[in-house]
Enquirer: 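Okay, handing you the structure first.
Excluded from the calculations below are hydrogen atoms, water molecules and symmetry mates; all remaining heavy atoms, backbone and side chain alike, are included. Residue numbers start at 1 and run along the sequence shown.
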Amino acid sequence: MEVALLSSFVVTRNEGDLAAFLVKTYDIVNDPNTNEIVSWSSTNNSFVVWNPTEFARVILPAYFKSNNFSSFTRQLNTYGFRKIHDGQWEYANENFIKDQKHLLKNIQRKDSHHPRDYDELIEKINNHQKRTNLRIERFQQRLDAMETMQKNLMNLFEKAIQNPSFVGQLSDKFASG
């Protein structure tokens with residue numbers, strides 16, 4: 001199925017500062033010619049990709065460099081969109097609402113290199129690593145002690161085998177001590 005698409009965009013001065021991805025996505029969803037493939041949900045505060053295959057084949061290449069649906073959904077995620085239903089390709093962002101294009105200015109791209117909780121996460125990882133290292137060190141100490149005890153027992157057994165009277169001397173020593 002072919003769909004007549006808006007191939008040219010009229011970007012006003014207000015839209016000039018917006019991310020092209022957001023403006024294009026809004027225009028795609030808002031275009032009544034694409035409603036069989038993608039449209040606003042019944043609540044008008046989310047949109048649904050009804051036919052991901054056709055969306056990737058027809059719409060994405062007309063608006064974006066990539067026609068990969070997974071890339072499109074990753075882009076949505078970087079702008080804070082969330083998938084609404086597991087069984088349906090419905091996405092929402094509190095500032096992506098039908099007839100409220102001016103709200104797009106409130107949508108910010110997530111900094112993929114430095115999430116807000118990045119420093120906190122690093123601190124947690126470092127603390128976990130320190131605790132793990134302490135556990136490993138204690139385990140190593142116990143292992144070393146067990147190896148030393150095993151060597152002492154082996155030496156004791158070796159002396160007992162070489163000198164049977166050694167066992168008697170040893171038991172007399174423990175009995176008197």
Side-chain angles (χ1 to χ4, degrees), residues 1-140:
M1 165 177 73
E2 293 298 322
V3 175
L5 299 173
L6 289 174
S7 59
S8 62
F9 296 103
V10 178
V11 179
T12 66
R13 271 201 318 247
N14 294 339
E15 294 176 358
D17 295 335
L18 297 175
F21 175 79
L22 294 174
V23 174
K24 289 177 181 182
T25 301
Y26 191 94
D27 289 341
I28 290 168
V29 173
N30 214 39
D31 183 356
N33 294 318
T34 65
N35 282 352
E36 290 181 32
I37 298 172
V38 59
S39 69
W40 291 105
S41 67
S42 60
T43 59
N44 291 329
N45 63 356
S46 62
F47 70 93
V48 181
V49 178
W50 301 107
N51 188 334
T53 305
E54 284 299 293
F55 186 81
R57 190 181 73 77
V58 177
I59 295 176
L60 286 180
Y63 289 84
F64 302 105
K65 293 177 188 171
S66 171
N67 66 343
N68 187 320
F69 187 68
S70 295
S71 297
F72 177 77
T73 58
R74 276 193 301 275
Q75 269 294 62
L76 288 172
N77 290 331
T78 66
Y79 283 100
F81 284 80
R82 64 193 187 291
K83 190 171 181 190
I84 303 298
H85 302 290
D86 285 336
Q88 188 173 8
W89 299 102
E90 183 174 355
Y91 296 92
N93 181 303
E94 62 186 16
N95 292 299
F96 196 87
I97 301 171
K98 184 176 183 176
D99 299 326
Q100 307 263 340
K101 195 171 187 177
H102 66 280
L103 292 178
L104 294 179
K105 68 181 181 293
N106 298 325
I107 301 176
Q108 299 296 314
R109 184 181 176 96
K110 292 179 187 176
D111 185 356
S112 61
H113 299 294
H114 198 310
R116 279 181 230 154
D117 300 325
Y118 179 78
D119 294 332
E120 184 179 319
L121 180 62
I122 292 296
E123 185 177 340
K124 283 181 182 179
I125 291 171
N126 286 338
N127 288 338
H128 182 73
Q129 183 67 42
K130 287 175 187 175
R131 288 191 307 271
T132 302
N133 286 343
L134 283 172
R135 287 181 187 140
I136 290 171
E137 189 176 317
R138 279 185 255 149
F139 181 77
Q140 186 63 49

Enquirer: Of the options N127, N133, N126, which is the one that meets Q129 in a side-chain hydrogen bond (donor to acceptor under 3.5 Å, both in side chains)?
Expert: N133
Enquirer: Atom OH of Y63 and atom OG1 of T34: how far apart are they, to the nearest 0.5 Å?
Expert: 6.5 Å
Enquirer: Take N67 and R57, measure what side chain to side chain contact (heavy atoms under 4.5 Å, CB included) needs, and give me the verdict at the end.
Expert: CA-CA 7 Å; N67 66 343; R57 190 181 73 77; over 6 Å; no
Enquirer: Do the ring centers of F96 and Y79 come within less than 6.0 Å of each other?
Expert: no
Enquirer: Strictly distance-based, threshold 3.5 Å: is any side-chain N or O of Y91 a donor or acceptor partner for the main-chain N or O of N77?
Expert: no
Enquirer: F47 versus I28: any side-chain heavy-atom pair under 4.5 Å?
Expert: no
Enquirer: Could you measure the distance from the CZ atom of R135 to the CZ atom of R138? Nearest 0.5 Å is fine.
Expert: 7.5 Å
Enquirer: Please name the pair of heavy atoms, one in I84 and one in A92, separated by the smallest distance, quoted to 0.1 Å.
Expert: CD1-CB, 3.4 Å
Enquirer: With rounding to the nearest 0.5 angstrom, report the CG to CG distance, N106 to L18.
Expert: 9.5 Å
Enquirer: Taking S46 for the side chain and E90 for the main chain, is one N or O donor matched with an acceptor at less than 3.5 Å?
Expert: no
Enquirer: Give me the atom names and distance for the closest heavy-atom approach of Y26 to K101.
Expert: OH-N, 3.4 Å
Enquirer: Which atoms form the tightest heavy-atom contact between S39 and N35, and what is the distance?
Expert: CB-OD1, 3.4 Å
Enquirer: Is K124 atom NZ crowded by more than 12 heavy atoms from other residues, nucleotides or ligands, each under 6.0 Å away?
Expert: no
Enquirer: Find out whether L22 and F81 are in side-chain contact, i.e. whether some heavy atom of one side chain is under 4.5 Å from a heavy atom of the other.
Expert: yes
Enquirer: What distance separates I125 CD1 from T132 OG1, expressed to the nearest 0.5 Å?
Expert: 11.5 Å
Enquirer: Does Q88 have more than 12 heavy atoms from other residues, nucleotides or ligands lying within 6.0 Å of its CD?
Expert: yes
Enquirer: List the residues meeting side chain to side chain donor-acceptor pair (under 3.5 Å) with S71, not counting sequence neighbours, and say none if there are none.
Expert: R74
Enquirer: Could you tell me the separation between the CZ atom of R82 and the CD atom of E94, rounded to the nearest 0.5 Å?
Expert: 7.5 Å
Enquirer: Please report whether the ring centroid of F21 lies less than 6.0 Å from that of F72.
Expert: yes
Enquirer: In Å and rounded to the nearest 0.5 Å, what is the CG to CD distance from N68 to Q75?
Expert: 11.5 Å
Enquirer: Are F55 and W89 an aromatic pair by the rule of ring centers under 6.0 Å?
Expert: no
Enquirer: Please find the pair of heavy atoms, one from L60 and one from S66, that lie closest to each other, and give the distance.
Expert: CB-O, 3.6 Å
